[in-house]
A.B. asks: 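I'd like to ask you about the structure that follows.
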Amino acid sequence: MKKLLAVFFMVMLVFVITACGNENANNEGNNEGNNTGDNGGGDVEVKTIRAGIGLNDQHPQYKGLLKFKEIVEEKTNGAIKVETYHSGQLGDDRTMTEALQLGTQEVTIPSTAPIANFVKEFSVFDFPFLFPNEEVADEVLDGPVGQKFLDMLPDQDLMGLAYWENGFRDLTNSKRAVASAADFDGLKIRTMENDLHLDAFRALGANPTPMAFTELFTALQQGTVDGQENPYATIYLQKFYEVQSHVSNTHHIYSPFVFLMSKSFYDGLTEEQQQIVKDAAVEAGQYERQLNREANDKYLADLQSEGMTFTEITPEARQEMVDLIEPVIAEYADAIGKDLVDEVYQAIEDASK
Ligand code: KDG
């Protein structure tokens with residue numbers, strides 16, 4: 001009898017293990033299989049979002065992207081799957097944005113600077129010394145003025161779902177401590193691919209070169225350029241301290257990110273799914289901003305621990321930079337359109353009260 005019972009339990013065990021194995025295989029199949037998924041109501045088409053960024057997997061931007069994936073996959077019960085790529089695995093900001101236009105990639109989150117090559121009005125957000133702090137930037141970007149700019153993107157086959165944060169940009173270089181405009185003289189600085197950035201650095205006396213982020217580390221290492229400018233988080237997490245010796249708190253531009261989605265992909269979603277991806281982009285963006293801000297001061301201290309020299313830009317030295325760049329801003333304000341630029345200035349003033 002005992003023997004019979006033992007055989008019975010063995011058979012049951014094998015049965016249970018086999019059943020679980022099949023279930024796992026089904027889930028795998030739904031995630032990887034590209035075309036079917038179980039959203040509770042039987043098999044549906046699974047849509048895949050390939051989301052790529054230029055920064056690495058340690059950066060708050062990538063952590064925000066993982067949050068977006070988590071929310072979307074959960075809220076759609078797996079009907080939308082998000083594949084995440086960092087470190088320019090899918091290309092640089094410009095290439096990925098073009099891929100969105102072509103419909104060969106679904107999401108990227110570039111800075112506003114390269115977006116200005118698609119919609120020139122976005123240059124306004126890269127006016128040096130525009131935003132006084134992050135809170136004012138949030139209020140303007142998340143309000144009707146920020147939305148007005150996002151509404152310009154569909155004409156370029158792009159959807160702008162939310163603003164995230166890259167942050168205040170600071171200068172690093174391998175040549176000398178930079179304390180004032182005079183110290184920029186002749187420095188070869190890599191800038192993002194944006195004419196306003198180039199003209200602003202020229203006005204400071206530097207020798208700027210536009211370059212994709214994906215090429216930057218090597219360019220710094222090989223001395224093709226002397227310096228670059230990015231928020232402390234990027235400088236630290238991308239290990240630029242290995243090839244740069246000086247950092248100054250120039251804080252010359254507050255760089256927003258824009259969460260972009262391919263318009264053709266967005267149009268192919270159901271209304272409910274459109275709402276889910278929009279809400280997820282906003283929620284994940286709030287998380288990303290929070291992570292970015294929490295760590296900012298720590299990253300400056302980390303850079304110094306890694307041996308970089310920190311040079312303070314005094315308010316007087318910063319004012320001198322403001323004055324030198326002023327004519328460049330005036331020129332770009334004209335090109336963008338005075339009314340639109342004034343609207344941004346007004347929103348900043350209101351948010352600063
Ligand atoms: O993922 C975004 C980055 O590719 C990029 O925008 C980083 O600020 C940046 C830069 O300097 O290119």
Side-chain angles (χ1 to χ4, degrees), residues 50-68 84-100 105-118 122-123 125-126 128 131 137 158 160-173 188-198 200-201 206 208-220 224-240 243-244 247 250-261 281 284-285 288-289 291-292 296 299:
R50 281 156 298 179
I53 59 168
L55 296 166
N56 69 21
D57 61 353
Q58 299 305 305
H59 196 280
Q61 190 187 33
Y62 189 67
K63 300 192 172 148
L65 190 53
L66 292 179
K67 172 67 82 187
F68 172 79
T84 58
Y85 299 89
H86 56 83
S87 309
Q89 288 164 318
L90 297 184
D92 58 42
D93 283 348
R94 179 194 280 266
T95 320
M96 290 193 282
T97 307
E98 284 168 356
L100 261 54
Q105 184 182 326
E106 291 70 34
V107 162
T108 188
I109 318 174
S111 307
T112 43
I115 296 179
N117 295 315
F118 298 84
F122 269 89
S123 272
F125 295 131
D126 286 76
F131 289 113
L158 300 166
L161 302 191
Y163 290 95
W164 289 21
E165 172 173 282
N166 194 349
F168 280 100
R169 305 182 76 87
D170 293 297
L171 183 82
T172 68
N173 82 96
K188 286 186 276 169
I189 308 286
R190 171 272 177 177
T191 70
M192 288 191 277
E193 298 175 282
N194 176 291
D195 290 341
L196 168 60
H197 282 238
L198 285 166
F201 278 98
T209 313
M211 190 184 289
F213 186 75
T214 39
E215 292 164 35
L216 180 53
F217 188 91
T218 311
L220 293 169
T224 318
V225 289
D226 304 321
Q228 65 85 46
E229 38 83 60
N230 254 296
Y232 298 140
T234 302
I235 301 168
Y236 181 74
L237 296 170
Q238 299 284 153
K239 296 193 167 34
F240 289 167
V243 286
Q244 295 280 271
V247 56
T250 47
H251 267 45
H252 50 281
I253 288 170
Y254 174 84
S255 225
F257 283 136
V258 182
F259 189 103
L260 293 179
M261 183 170 274
E288 184 264 353
R289 280 174 176 169
L291 290 182
N292 210 38
N296 214 37
Y299 288 132

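Below, all heavy atoms of this structure are taken into account, side chains as well, without hydrogens, waters or symmetry copies. Atoms within each ligand, like the ligands themselves, are counted from 1 in listed order. Keep in mind it's a predicted model, so treat the numbers as computed, not measured.
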A.B. asks: List ligand 1 atoms under 4.0 Å from R190, heavy atoms only on the residue side.
C.D. replies: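 In order of numbering, the contacting atoms are 10 (C), 11 (O), 12 (O).
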
A.B. asks: What is the nearest protein non-hydrogen atom to atom 5 (C) of ligand 1, stated with its residue, atom name and distance?
C.D. replies: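 I find the closest protein heavy atom is D93 OD2, 3.3 Å.
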
A.B. asks: Ignoring hydrogens, what is the shortest heavy-atom contact between G52 and Q105? Give both atom names and the distance.
C.D. replies: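 Shortest heavy-atom separation between G52 and Q105 comes out as N-NE2, 3.6 Å.
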
A.B. asks: Measure the shortest side-chain to side-chain distance between N230 and R190 over non-hydrogen atoms and say whether it is less than 4.5 angstrom.
C.D. replies: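 Answer yes - side chains close enough.
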
A.B. asks: Checking contacts here: is it the side chain or the backbone of Q61 that comes within 4.0 Å of ligand 1, counting heavy atoms only? Could be both or neither.
C.D. replies: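 The answer is the side chain.
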
A.B. asks: Given side chains that start at C-beta, do those of V247 and F240 come closer than 4.5 Å, heavy atoms only?
C.D. replies: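 Contact flag for V247/F240 side chains = no.
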
A.B. asks: Does the pair D126 and S123 meet the rule for a side chain to side chain donor-acceptor pair (under 3.5 Å), with working shown?
C.D. replies: CA-CA 5 Å; D126 286 76; S123 272; over 6 Å; no

A.B. asks: Just checking, is any N or O donor in the side chain of E229 or T191 under 3.5 Å from an acceptor N or O on the other one?
C.D. replies: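 No, no side-chain donor-acceptor pair sits under 3.5 Å.
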
A.B. asks: Considering both backbone and side-chain atoms of I53, is one of its nitrogen or oxygen atoms within less than 3.5 Å of a nitrogen or oxygen in ligand 1?
C.D. replies: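 By distance alone, the answer is no.
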
A.B. asks: If only atom types and distance count, is the side chain of N194 paired as donor or acceptor with the main-chain N or O of N117 below 3.5 Å?
C.D. replies: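 Between the backbone of N117 and the side chain of N194 there is no qualifying donor-acceptor contact (under 3.5 Å).
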
A.B. asks: With heavy-atom distances below 4.5 Å as the criterion, would you say the side chains of Y85 and R50 are in contact?
C.D. replies: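 Yes; the side chains approach each other to less than 4.5 Å.
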
A.B. asks: Which bit of D92 gets closer than 4.0 Å to ligand 1, counting heavy atoms only: side chain, backbone, both or neither?
C.D. replies: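 Neither; nothing of D92 gets under 4.0 Å from ligand 1.
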
A.B. asks: Name the closest protein heavy atom to atom 8 (O) of ligand 1, giving the residue it belongs to and the distance to 0.1 Å.
C.D. replies: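 Its nearest protein heavy-atom neighbour is N166 ND2, 2.8 Å.
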
A.B. asks: Need the ligand 1 atom indices (1-based, order shown) with element for anything under 4.0 Å from a heavy-atom of S111.
C.D. replies: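 Going through ligand 1 atom by atom, the ones under 4.0 Å from S111 are 5 (C), 6 (O), 8 (O), 9 (C).
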
A.B. asks: Any non-hydrogen atom of R169 lying under 4.0 Å from ligand 1?
C.D. replies: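 Heavy atoms of R169 do come under 4.0 Å of ligand 1.
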
A.B. asks: Polar-atom distance check: N230 versus ligand 1, any N or O pair below 3.5 Å?
C.D. replies: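 By distance alone, the answer is yes.
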
A.B. asks: I need the atoms of ligand 1 closer than 4.0 Å to a non-hydrogen atom of M192, numbered in the order shown.
C.D. replies: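 Selected atoms, number and element: 8 (O), 9 (C), 10 (C), 11 (O), 12 (O).
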
